[in-house]
Amino acid sequence: MKKFLLILSFFMGIYASAQEELKKDSVVADTVKYWSVIGKNTLMINQAAFSNWVGGGANNVGWLAGINYNLTYEKDNDLWENIVILGYGQNDTKGLGIRKTQDVINVSTNYGRKFSKSWYFSMGAGLQSQFAAGYEDGNNPEAKKISNFMAPGYLNVGMGITYRPNDDLTVTLRPTNARWTFVLDKDLQTAGSYGLKSDGDSSLLQFGFLGTAIYKLKIMEDIYLTNTASVFSNYLDRPDRLVLAYGALLNLKVNKYISSNVTVDLLYDHNQIEKTQLKQTLGIGFAYTIDNGVKRSDRKDSQWWIKK
């Protein structure tokens, strides 16, 4: 944060100086923005109540909170993109108790240096995990525990190339990528669990290829679809067993503070379970979006240092 404030103060000083020069020449120029911050904060609430309802049903109330931020720095040939996705939700159903409905930690950073139009040499890292324990029988704490915070946790670090023709599409290919699987819950540190080789192991190192893609689509006014996909192949052991993931987020904006989200997540990881995993959520509630405006890369008339 201190570095961010220092950089921001430096750029503001440059901008103030530039404005003085522009005033002398009677030229009007827009603010140059190197940082772009787009973030969404959400709180979804759902509830159902029944009284003498012949069709049956159980009273329940649930909530889901999350943040989704994209912080991008662009200057000349440098591109630095940071993504923070955090989400957690619960549902309290009469007779069943509290169950977890959403739990995600996804943080990534990627730095690129442009070598051709829309192409960058890049390097980056990403962390994925969850906040709380998960159980076999619908997150029933009486059932067998199958996951926990950083159990598993996945850390990817690698180098490659990034293709980013615009803000709506980013594709990163890393032919050299280290993938650490962490299992920090001692109850889950058994051979075969998340690919661990021996009882008591707390991590597994894999080395291979990682490809990721993000594609954002505006379907119509106030309706947006964000697609994310990734594929990983381990060079060291069974490269044919791909780790595949796909996520879709459909956002329907009602107004500035209310929106509805539909999410679908698909995952196949042989080390977790030899089946395709599916998760789907639907919610409507409060949402607050932060958007600091158009970036320098999208504002050609702001490049006053070139024109002058």
Side-chain angles (χ1 to χ4, degrees), residues 39-69 84-107 128-153 184-185 187-188 193-194 219-228 245-269 272-273 275-290:
K40 188 172 184 179
N41 310 277
T42 58
L43 176 60
M44 305 291 178
I45 299 175
N46 58 76
Q47 181 267 344
F50 303 86
S51 178
N52 303 318
W53 189 256
V54 176
N59 295 347
N60 65 83
V61 60
W63 62 273
L64 189 155
I67 64 173
N68 188 327
Y69 275 73
V84 179
I85 301 174
L86 306 174
Y88 192 79
Q90 292 181 326
N91 185 277
D92 187 357
T93 302
K94 185 177 181 180
L96 293 177
I98 298 175
R99 299 288 188 270
K100 180 172 64 173
T101 57
Q102 176 78 307
D103 194 356
V104 60
I105 299 174
N106 191 339
V107 181
Q128 295 176 309
S129 189
Q130 60 190 51
F131 289 101
Y135 302 89
E136 270 189 346
D137 183 17
N139 291 315
N140 178 5
E142 302 293 329
K144 178 183 176 182
K145 180 169 58 177
I146 57 176
S147 61
N148 208 340
F149 173 70
M150 290 302 290
L184 302 187
D185 187 319
D187 296 335
L188 302 175
S193 177
Y194 299 108
I219 299 177
M220 60 180 64
E221 191 67 27
D222 294 329
I223 300 180
Y224 300 89
L225 176 65
T226 300
N227 300 274
T228 60
Y246 169 76
L249 169 60
L250 180 65
N251 177 252
L252 299 90
K253 183 179 179 182
V254 178
N255 57 39
K256 185 177 180 180
Y257 299 106
I258 299 177
S259 69
S260 178
N261 288 338
V262 180
T263 69
V264 176
D265 291 282
L266 293 169
L267 173 65
Y268 181 82
D269 186 344
Q272 290 190 11
I273 183 174
K275 296 180 180 179
T276 300
Q277 302 176 51
L278 170 66
K279 180 179 69 174
Q280 185 271 326
T281 65
L282 167 64
I284 183 170
F286 302 100
Y288 180 71
T289 300
I290 297 174

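Both backbone and side-chain heavy atoms feed into the values below; hydrogens, waters and symmetry mates do not. Quantities reported herein were computed from a predicted structural model and do not represent experimental measurements.
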Inset, instruction - Write down the atom of Ala287, the atom of Thr42, and the distance for their closest heavy-atom approach. - result: CB-CG2, 3.9 Å
Legend entry - Donor-acceptor under 3.5 Å (Ser260 side chain, Ile284 main chain): no
Inset, instruction - Tell me, with the steps shown, if Asn41 and Ile290 meet side chain to side chain contact (heavy atoms under 4.5 Å, CB included). - result: CA-CA 8 Å; Asn41 310 277; Ile290 297 174; 4.3 Å; yes
Legend entry - Nearest non-hydrogen partners of Gln47 and Ala49, listed with the distance: NE2-CB, 3.4 Å
Legend entry - Shortest non-hydrogen contact from Ala248 toward Leu225: CB-CD1, 4.3 Å
Legend entry - Residues Tyr194 and Asp269: side-chain donor-acceptor under 3.5 angstrom: no
Legend entry - Interatomic spacing from CD in Glu136 to CD1 in Ile146 - rounded to 0.5 Å: 6.0 Å
Legend entry - Over all atoms of both residues, closest heavy-atom pair of Leu184 and Ala151: N-CB, 3.9 Å
Inset, instruction - Identify which one of Glu142, Lys145, Arg99 satisfies the side chain to side chain contact (heavy atoms under 4.5 Å, CB included) criterion when paired with Tyr135. - result: Lys145
Inset, instruction - Could you please spell out the steps behind the side chain to side chain contact (heavy atoms under 4.5 Å, CB included) verdict for Val264 and Leu278? - result: CA-CA 7 Å; Val264 176; Leu278 170 66; 4.0 Å; yes
Legend entry - Straight-line distance of Tyr88 OH to Thr101 OG1, nearest 0.5 Å: 8.5 Å
Inset, instruction - Report the C-alpha distance between Gln272 and Leu267 in whole Å, list the side-chain angles of each, state the deciding distance to 0.1 Å, and finish with yes or no for side chain to side chain contact (heavy atoms under 4.5 Å, CB included). - result: CA-CA 10 Å; Gln272 290 190 11; Leu267 173 65; 3.7 Å; yes
Inset, instruction - Check Asn255 against Ile258 and note the closest heavy-atom contact, atom names and distance. - result: OD1-N, 2.9 Å
Inset, instruction - Find the distance between OH (Tyr246) and OG1 (Thr228) and round it off to the nearest 0.5 Å. - result: 7.5 Å
Legend entry - Between CG on residue Asp103 and CG on residue Leu86, distance to nearest 0.5 Å: 10.5 Å
Legend entry - Any donor-acceptor N or O pair under 3.5 Å, side chains Gln102, Thr281: no
Inset, instruction - Would you tell me whether Thr263 and Asn261 have side-chain atoms, one donor and one acceptor, within less than 3.5 Å of each other? - result: no
Inset, instruction - Please say whether more than 12 non-hydrogen atoms of neighbouring residues, nucleotides or ligands are located less than 6.0 Å from CZ in Phe50. - result: yes
Inset, instruction - Could you pull out the closest heavy-atom pair between Met44 and Gly283, with the gap in Å? - result: SD-C, 3.7 Å
Inset, instruction - Look up atom CG in Asp187 and atom CG in Asn148, then write down how far apart they are to the nearest 0.5 Å. - result: 8.5 Å
Legend entry - Between CG on residue Asn46 and CG on residue Leu282, distance to nearest 0.5 Å: 9.0 Å
